[in-house]
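I have placed the structure first, in the form of structure tokens, so that the comments after it can refer back to it.
Read the numbers this way: they start at 1 and go in the same order the structure lists the ligands and their atoms. Just so we're clear, the structure is a prediction, and the values are computed from it rather than from any experiment.
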Amino acid sequence: MQTPILIETIEKMMTPGKGVLAIDESNGTADKKRLAPIGVNGTPENRRRFRELFLDMDGNETFLSGVILYDETLKQSNSDEKPFVDILADKDIVIGIKVDEGAKDSDEFPGEKITAGIDGLDERLAGYYELGARFAKWRAVITIDTDSGLPTDGAIRKNAEILARYAELCHKNNIVPMIEPEVLLQGSHKMDIAEQVTGRTLTIVFEELDRRGVDAKYVILKTSMVVPGDASGELMESEKVGATTVRMLNNSIPQNIGGVVFLSGGQTSEQATENLDAIADEMQVQGAPWMMTFSFSRAIEMPVLEAWAGKDENVAEAQEIYVDILKRDAWAQRGML
Ligand code: 13P
């Protein structure tokens, strides 16, 4: 593990006023959740065009410090046959790669999911480093269902052990691990439950990292904001989201963490931006020793994809919407909205 490489990657990724675009959907998710809703067929070429819209745009480097790609995209090129990795390197945008193989239903923990993909990961990470990736993402999924007593500590612990093993392998390959234990916002739980569950999850994750000797200084946490469940009937208020999220993080994560980035998790584009801004404000109020920025997928992509609808003649208009969202997220990152 060469710490100067990890430090350089983290410093670039956490540059104030910039954030990380998560455009790392697996082929299945890209086809079903991104392209099908806008009436576009899921083919390698259409997935390439979708990624070109976001990656190959003049000026996106003003707001993006990094992007998370999927394996297929890492090896694809723009319409002029310039590899996406070269386009990103020229813009000094740090390249990340999703390396987990998805959250699978668990036999051991009914109703919960455990993330797959550790087999052969060491070799895959070495290969991705050669291709230019400097950070990697692993997503675990934590479901809240208070009626069924979910999540269980057992499932959280199992996912945390795997996250820690993954982080250890990343460090061995000079890749910064972005660890993502996503607490889903789907459910009828209120915000206080979301705070408890997210805090408990993060505490267990950092216990397991510690047990494996993984230094949090070289780790980026990708977390959910603390929001009420989407079927809870509780109003989502940005100020409350900001105050609760910052309190939960200060209670649950190591002070020396490399950085914190937020997923959008199904919030609308506007909600995610406003909540990010409120978190930045609240970090000033409560004090926070960690740096944070956005790492949204849906909250950036969806309005842009709708405007694009797979048509070349819509690219310019879609990219205007894209820049506007990035600009607002970059302001929100500094609490300047
Ligand atoms: P969302 O912002 O759509 O939650 O996606 C972020 C992500 O990386 C999911 O793994």
Under the side chain to side chain donor-acceptor pair (under 3.5 Å) test against Glu25, which residue among Lys33, Arg51, Lys32 passes?
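The option that passes is Arg51.
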
Salt-bridge present (Asp90, Lys82; N to O < 4.0 Å):
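Yes, this pair counts.
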
Distance under 4.0 Å to a non-hydrogen atom of [X]: what atoms of ligand 1 satisfy this?
X: Gly265; answer: 1 (P), 2 (O), 4 (O)
X: Phe296; answer: 2 (O)
X: Ala22; answer: 8 (O)
X: Lys222; answer: 6 (C), 7 (C), 8 (O)

Working to the nearest 0.5 angstrom, can you tell me the gap between Leu163 CG and Arg212 CZ?
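If we round to the nearest 0.5 Å, Leu163:CG and Arg212:CZ are 11.5 Å apart.
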
What's the spacing between Asp31 CG and Arg47 CZ if we round to 0.5 Å?
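One gets 4.5 Å once the value is rounded to the nearest 0.5 Å.
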
Looking at ligand 1, would Lys137 count as a contact under a 4.0 Å heavy-atom criterion?
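The answer is yes, since Lys137 has a heavy atom less than 4.0 Å from ligand 1.
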
Take every heavy atom of Ala299, measure it against each atom of ligand 1, and state whether any distance is under 4.0 Å.
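For ligand 1, residue contact (heavy atoms, under 4.0 Å) with Ala299 is absent.
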
Side chain, backbone, both or neither: which part of Lys98 has a heavy atom under 4.0 Å from ligand 1?
neither

Taking 4.0 Å as the limit for heavy-atom contacts, which would you say applies to Arg139 with ligand 1: side chain only, backbone only, both, or neither?
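Contact part for Arg139 vs ligand 1: side chain (C-beta onward).
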
For ligand 1, which is the ligand I care about here, please tell me if Arg298 has any N or O atom under 3.5 Å from one of the ligand's N or O atoms.
yes

Under 6.0 Å between ring centres, would you say that holds for Tyr322 and Phe54?
yes

For a quick check under 3.5 Å, do Tyr166 and Asp100 share a side-chain donor-acceptor pair by atom type?
no

